[in-house]
Amino acid sequence: MKVLERRKDYICVEIYRTLFSIYGKVKCPLFYRTPFQLLISVILSAQCTDERVNKTVSGLFAKYPDSMALSEADVNEIEKIIKPIGLYKIKAKNIINAAKKLNEEFGGEIPETIEKLTELPGVGRKTANVIISHLFDGYGFAVDTHVNRVLNRIGIVNTHNPYKIEMLIMKLMSHESLGNFSLLLIMHGRNTCLARTPKCPDCAINNLCRKRL
DNA sequence: ATCCCGAGGG
DNA sequence: CCCTCTGGAT
C-alpha cells in the first residue's frame, strides 16, 4: 500500500475511534418494523430529513404495512400521504412499483445484494447500502450528503462521486465497521460538521481536519 | 437562499 | 459531467 493511503487509513481509524467514543453504536435513525418498511423509509428519505420521513411513514404503514397492500394502492392516495416528504410524485410511483416487483420477481422478500436491490425502482447505490448494512449485517458503506461533505472537508477524499468515495473507504477501513462508520459520519455531519456553518471549535476531530476553521 | 441518510435521465 | 424532481425547516 502506498504511503499516502496508509496515512488516510490511520486518520480514518482515528476518526472512527473518536466519533465512536461520542456516539457509540448508532441505531438506525429511520423508523421501521419490517425489512419492507425499512426499504420504503429509505427510498422516501431522499432529499428529506429522517425526522420528517418518520412522521409521515407512520400514517403510510398504518394503511399499507406490507408489499401486498402497497402494490395495490392508488397512486393519488399515496401522493397525498407522502407529499410533505417532497419529490412525492416520483416516490409514490417508485414505492408502488417496488412493492409490485418485490411480489412478482423476488417472492415478497427483500433481496440481499446491491445488484438485485438496485433493480427496484427508486433504489440506488446509497439506498442499497443502507439496506444491506441494516438488514443483513452486510458491509455496505452508504455515502449520503453528510458522509460526502464530512470526508471531503477532512481531506480523506477529494471527489464528490459517491461511488469513488465508497470504493476508497472500502480499501481503508475494516469491513465490519463500515455500516457504523457511515452512521457516525452522518451523526457528526448533523450535529457538528454542519453544511452551512460547521462548528469547528466544538469539533472532536478538528485536529485531523484539513479545513478546520 | 440553502439544505435534507438521492435517483434517474440526458 | 449536468439537470430535474419537491416540501418543509432554518
Side-chain angles (χ1 to χ4, degrees), chain A residues 16 19 23 25-32 35 37-60 75-102 110-111 114-136 138-153 157-167 169 177-199:
Chain A
Y16 183 87
L19 293 181
Y23 298 109
K25 172 77 175 170
V26 184
K27 73 163 194 171
C28 180
L30 293 170
F31 169 83
Y32 68 98
Q37 292 185 355
L38 176 64
L39 171 72
I40 301 304
S41 286
V42 183
I43 291 176
L44 294 178
S45 71
Q47 291 298 99
C48 181
T49 61
D50 52 358
E51 188 182 351
R52 180 154 298 283
V53 173
N54 289 338
K55 285 180 183 174
T56 307
V57 294
S58 59
L60 178 69
V75 187
N76 297 312
E77 174 99 10
I78 302 300
E79 285 184 1
K80 285 180 187 173
I81 298 176
I82 70 170
K83 191 165 185 176
I85 288 181
L87 309 177
Y88 65 95
K89 289 188 178 178
I90 298 177
K91 288 176 181 176
K93 187 173 66 174
N94 280 343
I95 61 176
I96 292 174
N97 289 333
K100 287 180 180 175
K101 189 153 190 168
L102 278 180
I110 308 297
I114 292 181
E115 288 70 27
K116 288 182 180 175
L117 279 167
T118 50
E119 290 178 22
L120 297 169
V123 179
R125 193 162 185 97
K126 178 260 172 181
T127 299
N129 273 317
V130 172
I131 307 285
I132 295 284
S133 61
H134 278 109
L135 292 186
F136 309 118
Y139 298 146
F141 185 73
V143 180
D144 77 321
T145 179
H146 297 291
V147 175
N148 198 328
R149 180 181 68 255
V150 172
L151 289 178
N152 271 285
R153 271 195 188 144
V157 302
N158 190 26
T159 172
H160 290 279
N161 182 312
Y163 182 73
K164 289 181 180 176
I165 296 173
E166 182 189 332
M167 290 302 114
I169 298 301
S177 61
L178 286 172
N180 201 44
F181 189 41
S182 176
L183 286 169
L184 286 171
L185 292 170
I186 289 168
M187 296 299 285
H188 183 62
R190 282 175 45 175
N191 297 328
T192 307
C193 195
L194 309 183
R196 302 182 222 202
T197 53
K199 303 176 180 175

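Chain identifiers are assigned alphabetically (A, B, ...) following the order of the sequence lines, protein sequences preceding nucleic acid strands; residue numbering begins at 1 within each chain. Below, all heavy atoms of this structure are taken into account, side chains as well, without hydrogens, waters or symmetry copies.
Qualifying side chain to side chain donor-acceptor pair (under 3.5 Å) partners for A:His134, counting only residues two or more places apart in sequence or in other chains: none. Listed by chain and number, the residues in a side chain to side chain donor-acceptor pair (under 3.5 Å) with A:Glu79 amount to none (sequence neighbours excluded). Under the side-chain contact (heavy atoms from CB on, under 4.5 Å) criterion, A:Ser133 pairs with no residue at all, not counting sequence neighbours.
Test A:Lys199, A:His146, A:Arg149 against A:Leu194 for side chain to side chain contact (heavy atoms under 4.5 Å, CB included) and you get one pass: A:Lys199.
The residue A:Lys83 sits close only to the backbone: its heavy atoms come under 4.0 Å of sugar-phosphate atoms, none of a base.
Comparing the same atom, P, in C:dC3 and in B:dC3 gives a spacing of 15 Å after rounding to whole Å. When the C1' atom is compared between B:dC4 and C:dT6, the two are found 12 Å apart, to the nearest whole Å. Comparing the P positions of B:dA7 and C:dG8 gives an interatomic distance of 22 Å, to the nearest angstrom. Using P as the reference atom, B:dT2 and C:dT4 are 15 Å apart when rounded to the nearest Å.
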What does the B/S/- profile of nucleotides 1-7 of chain B look like, 5' to 3', with a 4.0 Å heavy-atom cutoff to protein? -BSBBBS
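On the nucleic acid side, DNA chain C has its first and last nucleotide under 4.0 Å of a heavy atom of chain A at C:dC5 to C:dT10, going 5' to 3'.
The closest side-chain heavy-atom distance from A:Asn180 to A:Tyr23 is not below 4.5 Å.
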Using distance only, find each side-chain donor-acceptor pair of residues 158-165 of chain A under 3.5 Å and give its atom names and separation, not counting sequence neighbours.
| residue | atom | partner | partner atom | Å |
| --- | --- | --- | --- | --- |
| A:Thr159 | OG1 | A:Asn161 | N | 3.0 |
| A:His160 | ND1 | A:Asn148 | OD1 | 3.1 |
| A:Asn161 | OD1 | A:Tyr163 | N | 2.9 |
| A:Asn161 | OD1 | A:Lys164 | N | 3.2 |

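The two residues A:Pro35 and A:Ile110 have their closest heavy-atom pair at CB-CG1, 3.6 Å.
The nearest heavy atom of DNA chain C to A:Thr159 and to A:Tyr88 marks one nucleotide each, and the one closer to the 5' end goes with A:Thr159.
Distance check, rounded to the nearest 0.5 Å: CG of A:Leu185 to OH of A:Tyr16 gives 10.5 Å.
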